[in-house]
Structure formats: structure tokens, C-alpha cells
Amino acid sequence: MKHIFYLLNFIIVFALPSQLIADSSTIIEQEIILVANTSVDSISTRELRSIYSTKLKKWSNGQAIQVFNLAPENNHFRQFCLQNLRLQPHQLERIWKRMVFTGTGTPPTIVSSIDEMKNKIMTTPGAIGYIPNNIEIPQQYKLKVIK
Amino acid sequence: MTKTYLTSKNKVVVNCLLAITLVSNSSNVLSMDISDKLTLNAFINQGYVNSPDNPYYGEKDGSFEFRDLVLNANWHVNENIRFSGQALNRTVGEIEKSEYSIDYLLVDFTLAAESNYTTGFRLGRNKIPFGLYNSARDISITRPGVVVPESTYFEEYRDLLLSTNGINLYYDSFNQFGIFQLEAYAGSRDVSDRTLERYSSDFNGSGTYESKGFSVNFVPNIDQDITFNFSLLDSTSKVTGEASYGFFTLPVQFNFDGQFKIASVQYSLQDWVFTTEYVLADTISTIETPFGEVSNKNIQSEGYYFQAEWLINQNFTALARYDEYFVNNQDRDGKSSATAEFPANNFFAKGLTVGGRWLINSNLSLTAEYSKKSGTAGIQTATNYDLNNLKKDWNLFRAELTYQF
């Protein structure tokens with residue numbers, strides 16, 4: 001029993017206070033733009049959701065889609081979910097975990113930084129990802145979303 | 001025996017969790033990518049149950065004897081072929097003690113993947129898609145609370161709802177109406193010793209379930225925040241062996257025929273997720289001996305729940321659920337079904353559950369829920385427990401700490 005109390009104490013002392021205040025003060029909202037390495041120049045929110053839940057596997061031009069994602073604790077991932085997918089990050093993560101632990105699919109490939117995301121998009125045919133709009137990238141990689 | 005909260009095995013688990021917590025703030029991995037093609041995932045789940053009124057899986061008053069260890073591997077051979085498997089170790093109160101099982105083990109062949117549809121099949125042991133939560137019923141992080149809603153994901157039929165060894169065909173269509181997903185499957189699995197014990201406490205024998213069914217999921221284009229699902233599972237089993245009746249040991253055959261249907265609707269409204277599911281189960285079970293049929297039960301069970309989840313912020317979610325389950329929907333108070341062995345309150349269960357989840361970081365979460373229940377249908381007690389000792393109105397507190405890596 002003692003161990004459990006130590007564990008709870010640890011969690012409460014170190015992790016809880018930062019999380020209760022984290023929401024409002026530490027996140028700087030940044031517009032997120034979609035980037036892709038394909039001849040397709042626009043997609044719908046619906047297609048984007050299907051791509052990020054890894055159900056839709058081909059672009060409309062027949063090219064295989066390679067989905068890249070930032071780690072779930074990255075604020076840009078959170079903003080991407082809310083702004084572009086109009087989904088809570090929890091919901092998307094639950095879809096991925098369900099796939100992983102029922103053997104029915106594989107979640108997107110995780111990249112460790114915006115720089116890596118940009119590099120992967122520019123070097124991988126069929127790639128899709130997202131970056132904040134203050135990061136420069138050639139126009140040809142920008143993907144429009146039709147609402 | 002002196003009651004101890006921490007057995008030596010528990011201590012090891014608790015210490016591991018403590019160590020994991022200490023390092024988890026600096027580790028941000030979701031899974032281990034061995035290569036581009038091979039990924040390993042695992043989680044450990046330590047539960048705590050306090051059931052002061054009735055034994056819950058044989059446990060009362062506070063027990064840590066609820067634990068899951070899950071390890072899986074996923075290997076993409078190429079764009080069209082994927083191998084996937086998962087091993088499970090479960091401890092569930094007095095009912096399962098650190099039991100290993102292969103949760104699924106399959107090879108997935110994608111036959112076609114186009115911009116408007118994907119289709120293929122999976123061979124091997126497949127999880128059964130039934131309703132919104134069944135295939136991931138043992139996966140703590142995908143459940144809305146500590147357990148899947150008990151009114152619709154019957155624990156007493158756990159065996160036949162879990163998985164089948166066979167084939168699962170899938171077809172996903174992206175068309176002008178929405179996203180339409182179909183899974184159809186057929187296969188078989190052995191009936192577990194635990195289920196055989198329920199037929200008769202003194203029984204030697206074996207049998208298999210033959211299962212087939214389908215699940216259809218639809219997300220309309222006009223509102224992608226709504227999901228509809230309908231699933232059907234048809235399962236039959238024949239179990240043959242010997243059972244003791246007083247001084248006699250007789251060859252017996254247990255036949256079970258069950259058809260399970262579930263309809264589900266889930267609506268996500270920004271920070272809220274509303275879910276309702278309704279299940280009907282038609283079951284016929286007979287017991288045959290050389291002297292003829294000794295039992296024939298033909299009943300329709302019914303269950304449903306309404307659930308609201310509030311996604312408060314990125315670290316906290318809250319849950320409220322009301323559910324009802326009737327073993328025989330023609331006898332909702334259980335009075336006609338009651339026998340000396342099975343009291344009336346064992347034929348229905350209604351409950352209100354409130355709870356929450358704290359996503360401490362992307363690897364670690366703490367979930368807790370409290371349920372106030374009326375009726376004990378579906379409760380899992382230890383073998384030979386006198387059900388007349390169960391209280392009709394009871395309280396249950398459940399919590400779990402989950403670490404995924």
C-alpha cells in the first residue's frame with residue numbers, strides 16, 4: 001500500500017500542478033498549414049480525417065499516401081487536430097491505439113521535429129504532413145483544404 | 001490467511017510502475033520502431049478494485065489483483081502484406097491468475113487500395129468487431145472508462161465475443177455519402193475451461209465455438225462527427241463430455257446457439273462525446289444426456305447504455321454512464337426466472353457510473369470510476385459462490401494506472 005501512496009504523491013507533487021495551468025498560458029496559437037509531396041493540390045477535411053486515421057491509403061491520382069505526424073505531446077500536433085481535423089487529439093489517439101492493439105492497422109509515422117517533418121515531405125513521394133505557417137517551404141508542397 | 005494488500009508479485013509491479021513514472025516525463029515514445037517495417041508496442045495496466053458489498057471477480061474491500069500486460073508486434077512486409085500479433089497476460093481477481101493468451105495473430109493481405117476504396121482480408125486469429133468497443137475490450141487506453149460498458153459487452157459471453165481463428169474480410173468505401181466500412185468474418189475457437197465450469201462445476205469435456213458475423217460502420221459526409229454502427233454475431237457451440245449428477249456420472253452434451261445484435265450511435269461535439277448502444281442477444285442452450293434433454297433455455301437478453309464523455313482539456317476527461325441489462329427481457333425484475341440457486345436480482349443490472357481519466361503524459365494515464373448498481377446480472381464471482389449472498393444494491397470503485405511504451 002505504501003508504494004501506491006508514494007506513487008500517487010509523486011504524481012501529485014510533480015505532474016499535476018503544471019498540467020492544471022498548462023492549458024492557457026504556455027500554448028502560442030500558430031496557424032498550421034498542410035504540406036504534401038504529390039500532384040494533388042487540394043483535399044477535403046473529410047479526406048484529411050480518413051488519411052490521418054490511416055484508412056485512406058491512396059491519393060486521388062493513385063499515388064500511395066505516406067502519413068507523417070509529430071509526437072502527440074507536441075503543441076503543433078494538438079493545434080493540427082483542433083484546427084485542421086476539427087477533432088480532439090484524444091479522439092485521434094484513441095483511433096490509433098485501437099488499431100495498434102487490435103491488429104487492424106498502423107498509425108502514422110512519427111517525426112521528432114518540424115525540421116524533420118519538412119525534410120520528409122520534400123524527400124518522400126506521396127508524403128503528407130503539417131507545419132506552422134511561419135516555416136518556409138516551396139509553394140509546390142503546400143496543400144489546400146476545401147472545407 | 002492474513003490479508004495482505006501487496007503480494008510479492010504486486011510489489012514488483014508497483015515498483016516497476018514507480019520506476020516507469022520517474023522516467024516517463026523525459027521519454028516521449030509511443031512505440032518502439034525497430035525499423036521502418038517492424039514496430040513493437042506494449043502496455044502494462046495495474047488495476048485496483050474496491051467492492052465493499054459484493055465480491056467482484058471474487059475480490060472485495062480493496063484488491064490490486066487486476067493486471068494486464070500486453071505486447072504486440074507489427075511487421076509490414078510490403079505495401080500489401082502485414083503480419084501482426086499480440087500476447088496478453090491477464091490477472092482478473094480470483095478468476096484469472098496471470099494467464100497468458102494469444103490475443104490475435106494474423107496476416108493481413110491488402111487486395112486493393114484506391115482513392116475511393118480499400119479491401120483485403122486477414123487470416124489467423126482475429127478480434128471480433130462487435131459494436132464500438134468489443135475488439136479492444138481488454139485494451140485499457142481505448143476504453144471510455146476502467147471497463148467497457150457491462151450492459152452490452154457481456155462478461156459471461158466473453159469467450160465467444162473475444163476472437164475467432166479464421167478469416168476476416170474488410171471493405172472500406174469513401175463515396176459521396178460518407179465513409180462506409182464493412183468487416184465480415186467466420187471462424188472458430190475452443191470453449192475455455194472457465195466457461196465449461198459454468199455449465200457444470202464437475203465437468204470433463206471440451207468443445208468449440210463456430211462464429212460468423214459482420215460489422216458495418218458508417219460516417220456520413222453531411223456530419224462527420226456522427227458514427228453509426230451495426231454488428232451481428234452468430235455463434236454456436238457443442239460441448240461434449242461427462243458431468244456428475246449426485247452419484248451418477250453421465251455423458252452429456254451442451255449445445256449453445258446465440259445471435260447477438262448491437263446498434264450504436266456516437267456523436268462528437270467538440271469537447272463532448274455522446275454514445276449509446278443497444279444490444280439484443282437471442283440464446284438457446286440445451287443440455288442432453290442419454291436419458292433425454294434435461295434443460296432447454298430459450299431467452300432474449302437486452303442491454304443498453306447512454307454515455308457522455310467530457311474532454312475537459314488535453315490532460316483530463318470525465319465520464320458519466322447509465323446502463324441497464326436484462327438477462328431475459330420478458331422478465332425484467334427476474335421474479336419468474338428466480339430459482340433457489342439464482343435469486344431474482346441475478347437477472348437484471350442497472351447502474352450509474354461516474355469517473356474520469358488523467359492523461360499524465362502520452363505514456364501514462366490514471367483512470368478511476370465509481371458505480372452505483374442495482375441488480376447483479378453478469379457479476380463474475382468465484383466458482384461455487386452462493387449467489388443468494390449477493391446484495392441487490394451495491395457500490396463499486398475501480399481504478400487503473402496504465403503505462404504504454
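Only a predicted model underlies this, so the values are computations on that prediction, with no experimental measurement involved. Letters go in sequence order (proteins before strands), and every chain restarts at 1.
Note on Arg49(A), Lys57(A), Glu47(A): by heavy-atom pairs under 4.5 Å with chain B, the leading option is Arg49(A). Per-residue heavy-atom pair counts under 4.5 Å with chain A were compared for Gln224(B), Lys127(B), Glu309(B), and the maximum is reached by Gln224(B). Among the candidates Gly85(B), Pro129(B), Ser135(B), the residue making the largest number of heavy-atom pairs closer than 4.5 Å to chain A is Ser135(B).
The 12-atom threshold is exceeded at CG of Leu269(B), counting heavy atoms of other residues, nucleotides or ligands nearer than 6.0 Å. Atom CZ of Phe109(B) is surrounded by more than 12 heavy atoms from other residues, nucleotides or ligands within 6.0 Å. Within a 6.0 Å radius of NZ in Lys120(A), other residues, nucleotides and ligands contribute 12 heavy atoms or fewer. Taking a 6.0 Å sphere around CH2 of Trp310(B), one finds it holds 12 or fewer heavy atoms contributed by other residues, nucleotides or ligands.
Note that CD of Gln88(A) is 10.5 Å distant from OG1 of Thr317(B), once rounded to the nearest 0.5 Å. Going from atom CZ of Phe174(B) over to atom CD1 of Ile51(A) covers 9.5 Å, rounded to the nearest 0.5 Å. With rounding to the nearest 0.5 angstrom, the CG atom of Asn126(B) is 9.5 Å from the OG1 atom of Thr102(A). Ile141(B) contributes atom CD1, which lies 9.5 Å from atom CD of Glu93(A) (distance to the nearest 0.5 angstrom). Taking OG of Ser53(A) as the reference point, atom CG of Asp172(B) lies at 9.5 Å (rounded to 0.5 Å).
When heavy atoms are compared at a cutoff of 4.5 Å, Gln91(A) approaches chain B solely by way of its side chain, counted from C-beta outward. Residue Leu311(B) touches chain A through both its backbone and its side chain, counting heavy-atom pairs closer than 4.5 Å. Contacts of Ser44(A) with chain B are absent, with no heavy-atom separation under 4.5 Å from either backbone or side chain. Looking at Val273(B), only its side chain comes within 4.5 Å of chain A, counting heavy atoms on both sides. Heavy atoms closer than 4.5 Å to chain A are found in both the backbone and the side chain of Asp271(B). Neither the backbone nor the side chain of Ile128(B) comes within contact range of chain A, judged by heavy atoms closer than 4.5 Å. In this structure, chain A has heavy atoms under 4.5 Å from both the backbone and the side chain of Asp225(B).
Smallest separation of non-hydrogen atoms from Thr104(A) and Arg122(B): O-NH2, 3.5 Å. The minimum heavy-atom distance linking Arg94(A) with Pro144(B) is given by the pair NH2-CA, 4.2 Å. In plain terms, the two heavy atoms of Ala64(A) and Glu79(B) that are nearest each other are CB-OE1, 4.0 Å.
Distance alone, capped at 3.5 Å, is enough to place a donor-acceptor pair between the Asn72(B) side chain and the Val100(A) backbone. A donor-acceptor contact shorter than 3.5 Å links the side chain of Arg82(B) to the backbone of Gly103(A). No donor-acceptor distance shorter than 3.5 angstrom exists from the side chain of Glu73(A) to the backbone of Asn361(B), with no hydrogens or angles considered. In terms of modelled atom types and a separation under 3.5 Å, the side chain of His90(A) and the main chain of Asn313(B) share a donor-acceptor contact.
Side-chain contact, His76(B) with Thr106(A): a donor N or O sits under 3.5 Å from an acceptor N or O.
No side-chain heavy atom of Phe101(A) sits under 4.5 Å from any side-chain heavy atom of Thr142(B). Ile139(B) is not listed as a side-chain neighbour of Lys97(A), based on a closest heavy-atom distance of 4.5 Å or more.
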